[in-house]
A.B. asks: 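Mind having a look at this structure? Questions to follow.
Counting starts at 1 for both ligands and their atoms, following the listed order.
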Amino acid sequence: MKKQSIADILQLKGEKQELTAYGWVRTSRDSKAFGFVEMNDGSVMSNLQVFVDKEVSAFKDIMPKLTTGTSLRVRGVLVESPGGKQNVELKASEIEILGSAPAEDYPLQKKRHSLEFLREIAHLRPRTNTFGAVTRVRNALSFAVHRFFQEQGFLYINTPIITGSDCEGAGEMFQVTTLPLDNVPKSDGKVDYSQDFFGKQTSLTVSGQLNGEIFACALGNIYTFGPTFRAEHSNTSRHLAEFWMIEPEMAFCDINGNMDTAEAFLKYIINYTLKHCAEDMDFFNKWVDKGRVDMLEKIVNSTFTRTSYTEAISILEKAPRDFEYPVKWGIDLQSEHEKYLTEEVFNGPVILSDYPRDIKAFYMKQNDDHKTVRAMDVLVPRIGEIIGGSERENDLHKLKARIKELGLREEDYWWYLELRKYGSVPHSGFGLGFERMVQFVTGMQNIRDVIPFPRAYQSADF
Ligand code: 4AD
Ligand code: MG
């Protein structure tokens with residue numbers, strides 16, 4: 001027989017059936033004649049209330065043992081609950097303690113713990129309401145990502161994690177090597193990578209895009225959803241060293257089609273999560289960020305503002321306030337600028353396009369003005385940049401010239417260049433930072449609290 005989860009059990013209407021439930025004690029209340037245990041198994045936010053009749057001889061002394069964190073198997077009859085809060089409760093006939101959790105040192109007590117403290121006990125934090133809800137929302141969002149692309153006929157492809165190229169050209173890569181670090185082989189004073197495992201210098205990927213383009217330029221529409229790694233020293237609430245990215249790539253698609261897909265995609269996955277995680281979303285709305293659900297619903301039903309980088313700069317220059325980081329054409333937008341645009345000017349998501357070429361990666365399609373490229377970033381309130389993308393340069397000569405100009409080595413990109421030599425097509429794509437998306441939906445302030453095991457500068461525990 002299939003084991004029933006507490007989510008399944010709470011769906012039953014209290015029609016006096018006998019069943020077995022498993023879970024961990026969240027709280028318990030003991031009185032003279034009976035006790036109540038709130039039990040949770042992570043399948044839903046709500047607990048199953050267990051009624052313990054102390055007249056039953058086996059239960060006479062059991063209540064003091066049912067402390068927070070104790071794992072249980074409870075057999076009993078599901079009945080309508082006379083109490084107000086819950087519809088049903090389990091009247092226990094048999095209680096087996098599977099694992100005790102000594103009250104004097106179990107780290108998760110009833111009181112609310114700080115998120116900082118919970119990060120130090122990442123092996124237990126999934127047992128809290130907040131992390132249970134984050135985990136279920138994260139799961140729903142991943143499923144919605146696949147559903148959206150599958151419904152649209154995109155193919156899911158897996159791009160390599162170990163790579164020889166730096167897609168974003170920012171030099172923020174983690175090297176992968178089996179060379180002995182205390183005695184690195186050298187030739188002509190330089191590290192001799194021919195002796196390394198792959199016979200060349202390799203790193204963990206910062207993006208699956210370049211490999212994704214290969215498949216888009218053969219199969220049309222594809223997407224990746226995988227881990228990416230950036231050795232960024234930024235110790236902020238929006239940066240991780242290991243994060244997950246969704247990267248669609250579309251052949252025969254220009255920057256406008258790219259924006260349309262990005263907008264439809266964000267709305268779809270938000271809407272899916274609001275529908276399928278209603279109870280968890282109520283929790284975030286109540287305890288983490290009041291008004292979050294309203295804001296998300298508004299976004300699902302809105303049309304995103306689209307404007308250019310240049311226009312955004314002119315809005316920022318006219319802003320009736322000072323920014324910490326001064327604004328002028330050519331700067332990379334800082335989080336304070338993105339916040340101002342999305343929260344104070346447009347009051348919702350904004351898609352900015354045509355950024356200065358000097359602050360964007362080598363692969364973006366160059367505009368005729370020789371100053372800007374066909375980049376498009378999606379900015380959202382509270383988070384700032386959530387998506388980065390572009391139409392790709394599909395002109396072989398322009399791409400070669402750009403690679404040279406940036407001091408990159410043409411031979412490292414020979415296969416990427418051949419996609420422009422043989423049957424080149426206009427194509428576009430973008431990357432959604434998955435953890436920033438989970439933050440945006442839940443309202444969680446710190447990116448380290450929306451991934452099971454965060455990796456960030458000077459921090460890789462668990
Ligand atoms: O803007 P980025 O660097 O774009 C790319 O990597 C492109 N190759 C994507 C593409 O066109 N296929 O990164 C994309 C998104 C950002 O908008 C942000 O949401 C997220 O990835 N991101 C990070 N998330 C967490 N921690 C970090 N260190 C991040 N760096 C980028
Ligand atoms: Mg970016």
A.B. asks: Do the side chain of Ser424 and the main chain of Asn394 share a donor and acceptor less than 3.5 angstrom apart?
C.D. replies: yes
A.B. asks: Any chance you could lay out the side-chain hydrogen bond (donor to acceptor under 3.5 Å, both in side chains) test for Tyr413 and Arg409, step after step, and finish with the verdict?
C.D. replies: CA-CA 7 Å; Tyr413 298 93; Arg409 298 185 333 160; over 6 Å; no
A.B. asks: Taking Arg26 for the side chain and Leu48 for the main chain, is one N or O donor matched with an acceptor at less than 3.5 Å?
C.D. replies: no
A.B. asks: Hey, does the side chain of Asn235 reach the backbone of His239 with a donor-acceptor pair shorter than 3.5 angstrom?
C.D. replies: no
A.B. asks: With hydrogens left out, which residues have an atom under 4.0 Å from ligand 1, given that only heavy atoms count?
C.D. replies: Cys167, Glu168, Ser207, Gln209, Arg230, Glu232, Arg238, His239, Leu240, Phe243, Met245, Glu247, Tyr363, Glu385, Ile386, Ile387, Gly388, Gly389, Arg392, Gly429, Phe430, Gly431, Gly433, Arg436, Ile447
A.B. asks: Please confirm whether Phe229 and Phe174 have ring centers closer than 6.0 angstrom.
C.D. replies: no
A.B. asks: Taking the six-membered ring for Trp and the full ring for Phe, Tyr or His, determine whether the centres of Phe149 and Phe265 are under 6.0 Å apart.
C.D. replies: yes
A.B. asks: Is the Phe323 to Tyr340 ring centre distance short of 6.0 Å?
C.D. replies: yes
A.B. asks: So, does Asn367 use its side chain to make a donor-acceptor pair with the main chain of Asp369 at under 3.5 Å?
C.D. replies: no
A.B. asks: Under 2.8 Å from the Mg ion (ligand 2), how many protein N/O/S atoms can be counted?
C.D. replies: 1
A.B. asks: For the pair Phe225 and Trp244, name the ring-plane relationship: parallel under 30°, tilted 30 to 60°, perpendicular over 60°.
C.D. replies: perpendicular
